[in-house]
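First listed ligand is number 1; within each ligand, the first listed atom is number 1.
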Amino acid sequence: MNKFSELGLSRPLVVALEKIGFTQPTPIQLQSIPQILAGRDLMASAQTGSGKTAAYALPILECLLDPETMPRALVISPTRELALQVQEQFERFGTEMKLRSVAVYGGTGFDSQTRALKKGVDIVVATPGRLLDHVERRHVDLSGVEILVLDEADRLLDMGFMPQVRRIVSGLSLERQTLMFSATIDEQVERIAAQYLTEPVTVRVNPEQVEPSEISQVVYRVNEFDKDSLLVKLIKENEMPSVLVFTRTRMRADWVCDRLNESSIVCEPIHGDISQVNRERTLLRFREGKLKILVATDVAARGLDVPAISHVINYDLPGNPEDYVHRIGRTGRAGRSGIAMSFISEDEGYLVREIERLLGKKLDPDSQVRKKLPPRRFSGRGSGMASARRLG
Ligand code: AMP
């Protein structure tokens with residue numbers, strides 16, 4: 001018997017999952033799906049990459065079953081990219097059902113979203129600001145929402161969306177079921193949970209399950225001014241089918257792209273100064289493998305769902321250690337192996353220590369041996385590489 005049907009999902013979903021090729025539920029799915037189907041409120045700590053979207057999308061589809069005229073499920077997400085990807089997953093899992101979903105987000109025209117909302121949808125996946133605009137213009141009535149999901153609750157908080165979220169939630173029925181997903185759970189997240197959830201079950205996937213085990217983490221101690229040449233060298237000398245390069249700022253993303261282009265390496269930046277249309281176009285080419293290298297900021301890459309990234313390169317280390325885990329989680333998805341490379345300049349040493357504290361292990365076990373450049377063909381298995389280490 002299919003493992004997903006054992007969790008209580010019925011035939012249309014099991015068939016769709018078989019077609020997609022999902023055979024084994026991930027740990028977060030194993031723990032969450034039965035609880036959500038039982039009608040419980042839920043607080044889950046889970047990262048992107050853990051399968052968290054399916055952990056709520058599948059039981060939501062199961063609960064809704066047949067289409068109606070008003071939205072019955074609402075997912076609030078911090079970014080447009082995440083909203084789009086989540087809605088795509090609803091579509092993907094719902095191919096054998098008649099439920100309709102729409103992604104509602106800012107930075108693009110109102111018309112097509114308004115039309116979709118007025119035609120009647122069952123599932124709305126939205127960023128807070130734009131959803132509130134639609135609610136205030138009476139394009140959508142959320143009073144029939146039975147299941148609310150706050151996805152990436154920590155990000156919603158960080159990005160300052162809570163005032164809008166509060167206004168949206170105040171218009172929902174108190175009878176609803178509420179699910180919260182968050183990569184990190186701190187006091188603020190707990191306060192929101194206490195406010196919005198009723199006798200929730202708590203689901204945590206333990207850190208080994210969060211930090212994908214198939215990721216080799218490699219550290220390069222490098223002078224700030226040598227980062228560009230190191231990056232060019234790494235890209236030219238290694239086989240890298242799909243690379244996500246992270247920089248600290250939008251300007252630096254553009255700068256790095258220009259340096260790579262100058263060295264005849266094709267790449268595109270993705271960040272908040274680039275129009276939504278262009279971001280989506282770039283992302284699609286990257287997903288389809290037509291574009292091999294993407295240079296991104298953390299915000300732009302948040303929730304980015306590209307299953308086949310082979311290399312994540314931290315041109316700059318992130319300002320907080322959780323983002324490091326987020327970033328490297330972009331590779332090594334769903335059992336694939338991946339490589340995360342981090343450039344560390346003299347003044348980024350303290351960031352390394354914070355990351356190591358979070359991971360509970362050394363990132364750079366051999367830091368005395370400061371290898372600046374990789375061997376000609378890097379196997380990704382850490383062999384012959386003084387500062388490479390396999391974690392997990
Ligand atoms: P998420 O954590 O929701 O961003 O999902 C991470 C990736 O894992 C996505 O590409 C999903 O399509 C994929 N995924 C989710 N659940 C499963 C599963 N049970 N088996 C295989 N892949 C999965």
Taken in chain and number order and not counting sequence neighbours, the residues that satisfy salt bridge (charged side-chain N to carboxylate O under 4.0 Å, His left out) with Lys19 are Glu96
* Please determine, by modelled atom types, if Tyr56 and Gln29 share a side-chain donor-acceptor pair under 3.5 angstrom. => no
Does the pair Asp298/Arg327 count as a salt bridge with the N-to-O cut at 4.0 Å? yes
(Q) If you measure every N or O of Ser50 against every N or O of ligand 1, does any of those distances drop under 3.5 Å? (A) yes
Contact region, Phe4 to ligand 1, non-hydrogen atoms below 4.0 Å, reads side chain
Counting heavy atoms under 4.0 Å, the part of Gln29 that contacts ligand 1 is side chain
Atoms of ligand 1 under 4.0 Å from any heavy atom of Gln24, numbered from 1 in the order shown, are 18 (C), 19 (N), 20 (N)
message: Parallel, tilted or perpendicular, judged at 30° and 60°: which one describes the rings of Tyr315 and Phe343?
response: tilted
| message | Quick one about Gln87 and Ser101 (side-chain donor to acceptor, distance below 3.5 Å, no hydrogens or angles considered), yes or no? | response | yes
For Arg92, the ligand 1 atoms with a heavy-atom partner under 4.0 Å come out as 12 (O)
Subject >> Within-cut-off N or O pair, Gly51 and ligand 1, under 3.5 Å >> reply: yes
